[in-house]
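Worksheet: the structure to be examined is printed underneath.
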Protein chains: 2
Amino acid sequence: MKENKINTKKSIFAFCDLCGKNKSVYVRKHSGQNLCSQCYIKSVETIINKTISKYNMLSPDDKIIVALSGGKDSIALLYNLIKIQKNTFNSKPLVAISINEGIDKYSSERIDTAQNFCKKYKISHKIYSFKEEIGKTLYEIIEIKKEDFDFRFPCNYCAIIRRRLLNDIAKDLGGTILALGHNLTDFSETFLMNILYKRFNLIAQKSLSEGNKSINEFYLRKINPLMKLPENEVALYANLNNFEYYKIKCPYRKEYPILRKKVLDFITNLKIHSPEIEFNLFNGFLELSEILNNEYNNSISNNCLICGYPTNNKICNYCKLIDDIG
Amino acid sequence: MKENKINTKKSIFAFCDLCGKNKSVYVRKHSGQNLCSQCYIKSVETIINKTISKYNMLSPDDKIIVALSGGKDSIALLYNLIKIQKNTFNSKPLVAISINEGIDKYSSERIDTAQNFCKKYKISHKIYSFKEEIGKTLYEIIEIKKEDFDFRFPCNYCAIIRRRLLNDIAKDLGGTILALGHNLTDFSETFLMNILYKRFNLIAQKSLSEGNKSINEFYLRKINPLMKLPENEVALYANLNNFEYYKIKCPYRKEYPILRKKVLDFITNLKIHSPEIEFNLFNGFLELSEILNNEYNNSISNNCLICGYPTNNKICNYCKLIDDIG
């Protein structure tokens with residue numbers, strides 16, 4: 001009986017497989033590794049650094065603009081970019097940008113969190129808003145679009161506008177790189193969404209390769225240094241570092257039963273028995289996006305009649321939306 | 001009030017959008033069409049015939065072997081192939097083959113159902129069994145493999161053996177075509193499984209194009225005339241035709257929480273709001289399998305040291321399993 005008790009204790013208080021000294025705080029399911037908090041933090045930072053160097057995400061001449069929502073991902077990203085700059089990297093000063101969509105308390109509290117983080121680390125932080133940039137808050141846009149026969153989920157409108165604003169603001173600020181906090185889970189989810197909707201052109205466009213010249217002319221190069229880290233690992237990293245980040249989910253995501261939520265639940269459920277699924281999806285995305293990039297490279301043939309950005313139609317989705325909400 | 005009542009009745013007892021005469025029995029969700037039972041049956045048969053001709057599935061010289069499990073899909077398939085032969089097609093007499101896996105009552109009752117159908121339609125029906133062909137029933141194989149550290153779900157073993165036996169038996173019978181009852185739902189499910197496990201080589205191999213010569217030498221050409229019909233539409237077709245088919249699901253599928261079941265539940269759940277999802281997946285499979293077929297065409301480089309069939313290892317999965325169960 002005593003033996004048994006000791007064994008149980010051993011399995012609860014396992015030691016770190018890396019340093020062998022400290023107690024484990026996390027078992028990395030897909031590798032089976034026990035990690036203490038220090039080694040865990042180091043391992044996450046190693047993954048981020050290796051991702052940046054493997055995909056040549058940064059060069060010394062870059063002016064990096066970081067999209068800072070105030071959530072765990074963008075805070076972890078900014079923190080690491082600050083560290084990289086301090087230690088080895090000599091690019092121009094980082095600039096963090098945040099966009100207030102105007103989703104009531106959710107947007108403003110999130111931006112306060114982002115602002116506090118930037119103050120603490122003395123990073124230049126610039127705040128923009130849907131209201132000032134396009135004249136309407138997301139809330140106002142949804143109220144207008146709700147009446148339309150082709151009303152889509154708020155996330156659709158938010159994504160179209162946010163993506164364009166981030167890109168254009170980063171360009172205006174003289175940025176050469178737009179750094180985004182998308183993690184492995186985001187990538188897997190988006191890849192699976194694009195498979196379910198057969199949006200192969202979007203998978204192709206997200207390829208990390210040089211890509212399409214006609215697109216590169218308009219869009220700043222985006223980098224995703226957290227793309228090899230599952231969401232729960234970024235959260236643990238942020239918690240172990242005691243980052244103050246904004247934890248509340250967008251109220252629109254709760255209110256609308258968007259497919260993206262169902263897809264995420266499905267992946268989360270599969271991960272219980274098959275922790276490798278998320279990595280399979282991400283690696284599948286990497287491989288397929290390269291193959292499809294070759295197939296679809298010349299698929300965008302038009303330029304939006306209003307803004308000139310590449311589009312598959314006459315008017316791009318952004319300009320269509322701006323026109324709709326007049 | 002009366003008006004309202006009439007309207008309600010109208011919507012419950014809608015008329016067929018095709019003939020305009022009979023009452024609708026089915027609304028095809030992805031097209032919005034109301035169909036009466038006669039027009040529904042006709043529309044299903046048109047889809048099957050168009051699939052066969054679009055993909056040149058049959059030619060007058062063919063000797064068609066039909067894999068008949070006794071379920072709705074293979075019964076519906078055989079019924080249509082009989083009709084096609086009677087009306088237009090002059091290939092050699094059809095032969096139906098059934099394989100008894102030895103899953104207790106499930107296998108034997110299913111085969112009785114298949115046998116009754118063939119008797120009724122005077123089709124040559126040949127029955128084989130795991131026990132006679134490889135010396136063990138599936139039940140016996142599972143009991144042996146259960147002890148192994150690398151035990152997998154029964155469906156894995158069953159699929160490896162059934163696929164090989166069907167192919168070899170059909171070749172032995174002089175067949176030139178092996179007709180299978182896989183429907184649109186089966187294809188979507190398998191495609192999504194292969195995406196989740198990043199089995200791009202399997203997606204490539206299932207391409208409907210001419211494919212890999214080194215594989216074609218060993219495997220009979222397979223056709224899937226029901227591949228454009230969702231599972232529920234095949235079930236309704238079988239019911240409206242009053243086919244006697246076997247309705248019970250395999251007990252192993254109930255017992256083991258296989259990923260395939262979770263994937264099917266996910267698709268079924270998505271279909272409620274997005275009836276097009278299954279078609280997206282199928283069309284995605286068609287397009288991607290062609291693209292990947294070009295990429296992976298030469299990926300199988302070995303021949304199994306035991307049976308000579310193409311494999312990515314030294315010994316193929318079938319021979320490994322046969323050797324294991326000794």
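Please read these numbers as outputs of a predicted model, since none were measured by experiment. Lettering follows sequence order; numbering is per chain, from 1.
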Sort Ser188(A) into side chain, backbone, both or neither according to what part of it lies under 4.5 angstrom from a heavy atom of chain B. neither

Separation of Asn283(A) CG from Lys198(B) NZ (nearest 0.5 Å): 6.5 Å

Under the ring-ring contact (aromatic ring centres under 6.0 Å, His included) test, residues paired with Tyr309(A) that sit two or more places apart: Phe218(A), Tyr219(A)

Side chain / backbone / both / neither for Ile267(A) at chain B, heavy atoms under 4.5 Å: neither

Might you confirm whether atom OH of Tyr106(B) has over 12 heavy atoms from other residues, nucleotides or ligands at distances under 6.0 Å? yes

Inspect the surroundings of OH in Tyr139(A) and state if more than 12 heavy atoms from other residues, nucleotides or ligands are less than 6.0 Å away. no

What part of Phe279(A) gets within 4.5 angstrom of chain B, counting heavy atoms only: side chain, backbone, both, or neither? neither

So for Tyr197(A), is it side chain, backbone, both, or neither that comes closer than 4.5 Å to the heavy atoms of chain B? both

For the CG atom of Asn280(B) and the CG atom of Asn194(A), what is their distance to the nearest 0.5 Å? 11.0 Å

Below 4.5 Å from any heavy atom of chain B, which atoms of Glu276(A) appear? Answer side chain, backbone, both or neither. side chain

Counting heavy-atom pairs under 4.5 Å with chain A, the top scorer among Leu281(B), Leu196(B), Ile277(B), Leu270(B) is Leu196(B)

Between Leu288(A), Asn269(A), Leu192(A), Val263(A), the one whose heavy-atom pairs under 4.5 Å with chain B are most numerous: Leu288(A)

